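What follows is a set of notes on a single structure, which appears directly below.
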There are 2 protein chains.
Amino acid sequence: MDNSLHLAQSLRKAGLRLTPQRLAICSFLASTDQHPTAQMIYDQVRPQFPTLSLATVYNTLETLVQLGVINTLGGTGSEAERYDADTSPHVNLSCVSCQRVIDFPSQHLHALEDEVTSRSEYRLLGSRFLFFGLCPECQAT
Amino acid sequence: MDNSLHLAQSLRKAGLRLTPQRLAICSFLASTDQHPTAQMIYDQVRPQFPTLSLATVYNTLETLVQLGVINTLGGTGSEAERYDADTSPHVNLSCVSCQRVIDFPSQHLHALEDEVTSRSEYRLLGSRFLFFGLCPECQAT
DNA sequence: TTGTATGCAAAAACTTTGCATCCCA
DNA sequence: TGGGATGCAAAGTTTTTGCATACAA
């Protein structure tokens, strides 16, 4: 599935403009698994758009979050917000040493989501599942 | 279980000083279910300590997080970090409208934790489970 | 064309740090 | 008493906002 298209199309469906900047940000989000911060996106997309501004990155991310097509993970460590283009229920593993975040598919999340849906009165819009720990590489150090 | 004592004792066990400010912050954390931000703690504890500084609140929270006796939830919304004195595996439900966060005990988290422990190479140190949505009150509006 | 989106810069919000003083162990 | 903790203020980060211009639809 071309998730880049998915992100871009959700902008159009919402009646928003598909600018080159937004498209570049969507493409980057869809292509990476690094759960980037706004600054990381800015640094890596800017070469294609020398005048791209960080404000636009923040604005676009906020728009995509509002549309529900990307998630925020909350700061991991004491740094900036991280974004995840994968909104399907999944677990993220965050290394407290090297700061990297990886995905971890789990078989239990659907049951968890069903439980919350049936036993709470909340109308669910998104989720965030994070474990903190030391990744294999950092344990070796 | 007196969780306030638990927090305070973990400071002593770590060889750290149990100052009145730290005790007040621990007591407040243990007594509330509002998953407060540093500012919320400051506002509500300060009446007892007119000279309490926000820096001390941040320092103490950082210390407690390092000790592993409280968790951070990550900003919910676009605001500040929220803290949770309940480190047992549990789900938090965050209302995107009124910003309140409540606890939701789940039967599936132990299975999830076991799965991550056995199928990843990470040494786990903490976790964060959050659903975003509309609480019953805000749905009614 | 028309109003949304952008870029820039300034401001706001949040968090950390330096340092002199204080005080718990 | 001594070294960690505090309070204050200043600095550092991260994020948002105002406004004139540009441009997608």
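Here is how names work: the chains are called A, B, and so on, in the same order as the sequence lines, proteins then strands, and each is numbered from 1. Treat the numbers as computed from the prediction; the structure is a model and nothing was measured.
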In residues 11-19 of chain B, what residues come within less than 4.0 Å of DNA chain C, judged by heavy atoms?
->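 Per residue number, the list reads B:Arg17, B:Leu18.
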A:Gln39 near the nucleic acid: base, sugar-phosphate alone, or nothing, with a heavy-atom cut-off under 4.0 Å?
->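 No contact.
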Look for any protein N or O under 3.5 Å of an N or O in nucleotides 17-21 of chain D and output each such pair with its distance, or none.
none

Is the phosphate of C:dC24, meaning OP1 or OP2, less than 4.0 Å from a side-chain N or O of B:Gln21?
->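 The answer is no; no side-chain N or O of B:Gln21 sits under 4.0 Å from OP1 or OP2.
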Starting at [atom1] of [X] and ending at [atom2] of [N], how long is that distance when rounded to a whole Å?
| X | N | atom1 | atom2 | result |
| --- | --- | --- | --- | --- |
| A:Leu23 | D:dA25 | CG | P | 10 Å |
| B:Tyr42 | D:dG7 | OH | P | 9 Å |
| B:Ile25 | D:dT6 | CD1 | C1' | 11 Å |
| A:Tyr58 | C:dA12 | OH | P | 18 Å |
| B:Glu81 | D:dT14 | CD | P | 14 Å |
| A:Ile41 | D:dT14 | CD1 | C1' | 14 Å |
| B:Glu62 | D:dG4 | CD | C1' | 16 Å |
| A:Met40 | D:dT13 | CE | P | 17 Å |

Residues, nucleotides or ligands: over 12 heavy atoms within 6.0 Å of A:Glu121 CD =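 Atom CD in A:Glu121 is not packed in, count stays at 12 or less.
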Around B:Arg100, counting heavy atoms of other residues, nucleotides and ligands shown, do more than 12 lie under 6.0 Å from its CZ?
->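 Check fails, neighbour count at 12 or below.
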Taking side-chain hydrogen bond (donor to acceptor under 3.5 Å, both in side chains) as the test, write out the residues that go with [X], two or more places apart.
| X | result |
| --- | --- |
| A:Arg123 | none |
| B:Gln34 | B:Thr32, B:Gln44 |
| A:Tyr83 | none |
| B:Ser97 | none |

Name the atoms and distances for all side-chain donor-acceptor pairs under 3.5 Å in residues 12-21 of chain B, with sequence neighbours left out.
{"unit_1": "B:Thr19", "atom_1": "OG1", "unit_2": "B:Arg22", "atom_2": "N", "d": "3.2"}

So do [Y] and [X] actually touch side chain to side chain, heavy atoms under 4.5 Å?
| X | Y | result |
| --- | --- | --- |
| B:Cys26 | B:Leu11 | yes |
| B:Arg128 | B:Asn71 | no |
| A:Ile25 | A:Ile41 | yes |

Any residue of residues 45-54 of chain B with a heavy atom less than 4.0 Å from an atom of DNA chain D |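 The answer is B:Thr51, B:Leu52, B:Ser53.
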Quiz: residues 63-70 of chain A side-chain donor-acceptor pairs under 3.5 angstrom, not counting sequence neighbours:
{"unit_1": "A:Thr63", "atom_1": "OG1", "unit_2": "A:Asn59", "atom_2": "O", "d": "2.9"}
{"unit_1": "A:Gln66", "atom_1": "NE2", "unit_2": "A:Glu62", "atom_2": "OE2", "d": "2.8"}

Worked check of side-chain hydrogen bond (donor to acceptor under 3.5 Å, both in side chains) between A:Thr72 and A:Arg82 = CA-CA 6 Å; A:Thr72 60; A:Arg82 304 190 78 129; over 6 Å; no
Rounded to 10°, tell me the angle between the two end axes of the helix from C:dT1-D:dA25 to C:dA25-D:dT1, each built from five pairs.
->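 It comes to 50° between the two terminal axes.
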Applying ring pair (Phe, Tyr, Trp, His ring centres under 6.0 Å), name anything that partners B:Phe131, two or more places apart in sequence or on another chain.
->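 Residues passing ring pair (Phe, Tyr, Trp, His ring centres under 6.0 Å) with B:Phe131: A:Phe129.
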Set of side-chain contact (heavy atoms from CB on, under 4.5 Å) partners for B:Ser88, sequence neighbours left out =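 B:Ser88 satisfies side-chain contact (heavy atoms from CB on, under 4.5 Å) with B:Asp86, B:His90 once adjacent residues are dropped.
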